[in-house]
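Here you go, one structure.
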2 protein chains.
Amino acid sequence: MSPAGNGKPKRDTYRHGDLRNALIEAALELARQGGPEAVVLRAATRQAGVVPNAAYRHFADRDALLHAVSQAAMAQVARTMEAEQAAVPPTENPAAAARARFRAVGTGYLRYAREEPGLFRAAFHVPGDMTHAADDTAAGATGKTPFELLGEALDGLVDAGLLAADRRPGAEFLAWSAVHGLAILLIDGPLRGLPSTQAHDAVQHVIDMIERGI
Amino acid sequence: MSPAGNGKPKRDTYRHGDLRNALIEAALELARQGGPEAVVLRAATRQAGVVPNAAYRHFADRDALLHAVSQAAMAQVARTMEAEQAAVPPTENPAAAARARFRAVGTGYLRYAREEPGLFRAAFHVPGDMTHAADDTAAGATGKTPFELLGEALDGLVDAGLLAADRRPGAEFLAWSAVHGLAILLIDGPLRGLPSTQAHDAVQHVIDMIERGI
DNA sequence: CGGCCTAAGTGGATGCTGTCCACATTGGAG
DNA sequence: CTCCAATGTGGACAGCATCCACTTAGGCCG
């Protein structure tokens with residue numbers, strides 16, 4: 001207790017051993033509560049029990065760390081989507097199955113947005129670029145990114161005859177727009193704080209609109 | 001040239017005279033290029049030719065200034081919508097007119113987002129609250145906020161028989177979700193930098209989806 | 001017409017941030 | 001066993017929001 005009264009994670013070796021991951025872990029926690037702007041380099045290093053400058057051995061700057069957080073959060077989005085799809089009760093009807101898998105993509109996306117708003121905002125907070133939504137590091141358990149999962153679900157709709165093939169091109173952007181917009185209304189916007197049941201209804205209505213309008 | 005080599009706007013009177021508006025004006029310019037995070041108090045006061053602390057006589061803190069910027073930008077969104085509606089060629093057919101007025105709401109919203117991405121992001125950047133989208137200060141020339149303009153356009157669809165009355169409740173959130181989501185994909189997301197013609201197509205497709213799916 | 005009250009602007013300080021530089025340590029390759 | 005390069009440290013700097021005490025002067029009251 002002589003050195004200082006900082007956090008907890010002390011360290012006796014000069015080397016940390018796994019600083020990069022420790023920083024990402026700490027940054028994820030910061031983003032979880034407080035969103036991307038709460039990811040502050042010095043706080044992460046403090047948590048890791050290391051001097052601020054040590055971070056620069058593993059990340060070019062704050063944005064690089066934030067980018068790693070974004071990728072990790074994106075992967076969690078993918079996993080939530082996959083979990084939602086896995087929870088779909090099995091059906092004989094292939095059309096119903098395709099439809100359920102498609103809807104699960106949207107509900108998973110929006111469930112994550114509501115359960116982890118800070119991380120969700122961090123996932124899509126990209127200083128000047130969010131194209132990396134297709135990087136491998138953003139993939140879930142099945143190795144697919146949220147964007148890829150959406151694309152596959154749409155292909156499934158076409159295969160099942162629920163979506164005309166000529167409507168397929170660009171359909172991901174229509175669906176993504178609607179779902180992402182609702183996510184923002186729900187976590188930052190006028191729909192923030194909506195009771196869970198009503199939020200769930202809103203989610204279903206938006207996905208209904210997409211199915212009808214796509 | 002003895003005192004300092006700061007910006008340009010000098011001042012010989014001790015009183016500034018209109019500091020509050022000068023700060024908002026400067027902050028708007030900062031947000032125009034760089035979005036909400038570029039709105040920095042000291043920069044605004046510098047531009048106004050005043051010491052940083054002077055801002056605190058007019059705004060509680062940085063967030064209060066940012067809020068004023070948000071309101072002003074929101075009013076510009078409303079004005080763009082109104083302009084878009086005014087540009088609709090007159091028609092005999094009331095249904096066509098209602099439809100055109102509705103679509104103008106969406107195209108105006110998205111035109112502003114693409115023309116002034118920084119201000120658009122500032123308009124909807126609300127630290128923990130974006131409910132104030134209905135404040136009077138966010139109104140356009142007709143005294144209506146973007147949200148009110150959307151509601152009226154939807155009412156027009158119902159009156160024209162283009163939208164079933166039982167679908168009307170909550171419809172603003174469906175439309176808003178889709179349009180706002182596309183705005184973000186276009187200015188921050190994977191659709192960023194899309195050539196103007198293709199962006200215009202995407203806008204039309206999303207509004208098509210809304211009309212069909214609402 | 002003159003004095004004073006108070007709103008508006010100033011000056012200086014504090015603690016936070018990201019980032020740069022030079023230096024210390026040490027694990028592992030040769 | 002030695003030395004190197006990767007990793008962590010210490011100190012510094014500029015910029016930021018914000019706080020406090022002080023100064024200035026515009027306009028109201030007598």
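Keep in mind that what you see is a predicted model, and the values were worked out from it rather than measured. Just so it is clear: chains get the letters A, B, ... in the order the sequence lines come, proteins before strands, and each one is counted from 1.
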- Task: Check whether the ring centres of B:Tyr112 and B:Phe124 lie less than 6.0 Å apart, and answer yes or no.
- Result: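 Centroid separation for B:Tyr112 and B:Phe124: 6.0 Å or greater.
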- Check the distance between D:dC19's P and B:Arg62's CZ and give it to me in whole angstrom.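 It works out to 15 Å between those atoms.
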- Item | Nearest-Å distance for atom pair CZ/C1', residues A:Arg42 and D:dA12 |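 So the CZ-C1' distance, A:Arg42 to D:dA12, works out to 11 Å.
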- What distance separates B:Leu119 CG from B:Leu28 CG, expressed to the nearest 0.5 Å?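 One gets 6.0 Å once the value is rounded to the nearest 0.5 Å.
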- Keeping the roles fixed (side chain from A:Arg62, backbone from A:Val39), state whether a donor-acceptor pair exists under 3.5 Å.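 Yes, A:Arg62 side chain to A:Val39 backbone: donor-acceptor pair under 3.5 Å.
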- Any A:Arg46 side-chain nitrogen or oxygen under 4.0 Å from OP1 or OP2 of C:dT17: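 So the side chain of A:Arg46 is within the cut-off, an N or O lying under 4.0 Å from OP1 or OP2 of C:dT17.
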Taking only N/O atoms, report every protein-nucleotides 7-9 of chain D pair under 3.5 Å with atom names and distance.
residue: D:dG8; atom: OP1; partner: A:His16; partner atom: N; Å: 3.1
residue: D:dG8; atom: OP2; partner: A:His58; partner atom: NE2; Å: 2.8
residue: D:dG8; atom: N7; partner: A:Arg57; partner atom: NE; Å: 2.9
residue: D:dG8; atom: O6; partner: A:Arg57; partner atom: NH2; Å: 2.2
residue: D:dG8; atom: N3; partner: A:Tyr14; partner atom: OH; Å: 3.0
residue: D:dT9; atom: OP1; partner: A:Arg11; partner atom: NH2; Å: 2.7
residue: D:dT9; atom: OP2; partner: A:Val51; partner atom: N; Å: 2.9

- Which atom names give the shortest non-hydrogen contact between A:Ser177 and B:Leu182, and what distance separates them?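 So the two residues come closest at OG-CA, 3.3 Å.
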- Query: For A:Tyr56 and C:dC20, is the shortest distance between a side-chain N/O and OP1 or OP2 below 4.0 Å?
  - Reply: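 Answer is no, no contact under 4.0 Å.
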- Item | Cationic N near anionic O, under 4.0 Å, A:Arg79 to A:Glu82 |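 Judged by the 4.0 Å cut-off on N to carboxylate O distance, A:Arg79 and A:Glu82 do not form a salt bridge.
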- Query: Taking all non-hydrogen atoms of both residues, which atom of A:Ala78 and which atom of A:Ala138 are closest, and how far apart?
  - Reply: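 It is CB-O, 4.1 Å.
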- Pull out every stem in DNA chain C, meaning runs of 3 or more consecutive Watson-Crick or G-U wobble pairs with both distances under 3.5 Å.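 Listed by first number, the stems are C:1-30 with D:1-30.
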- Query: Of B:Thr13 and B:Val40, whose closest DNA chain D nucleotide lies nearer the 5' terminus?
  - Reply: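 Result of the comparison: B:Val40.
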- Query: Below 6.0 angstrom between ring centroids: does that apply to A:Phe173 and A:His180?
  - Reply: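 Centroid separation for A:Phe173 and A:His180: 6.0 Å or greater.
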- Take atom CZ of B:Arg20 and atom P of C:dA7, then tell me their distance rounded to the nearest Å.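 From B:Arg20 CZ to C:dA7 P: 16 Å.
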- Query: Once you round it to whole Å, what is the distance between P of C:dT17 and CG of A:Leu66?
  - Reply: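 To the nearest whole Å, that distance equals 15 Å.
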- In whole angstrom, give the distance that lies between atom CG of A:Leu65 and atom P of C:dT19.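 For the pair A:Leu65 CG and C:dT19 P, the rounded distance is 10 Å.
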- Euclidean distance, atom CD of residue A:Glu37 to atom C1' of C:dT17 [Å, nearest integer]: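 For the pair A:Glu37 CD and C:dT17 C1', the rounded distance is 15 Å.
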- Task: Measure the spacing between CD1 of B:Ile214 and CG of A:Asp208 and express it to the nearest 0.5 Å.
- Result: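 If we round to the nearest 0.5 Å, B:Ile214:CD1 and A:Asp208:CG are 13.0 Å apart.
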- Query: Looking at B:Val179 and B:Ile210, what are the two nearest heavy atoms and their distance?
  - Reply: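 Between these two residues, the closest heavy atoms are CG2-CD1, 3.6 Å.
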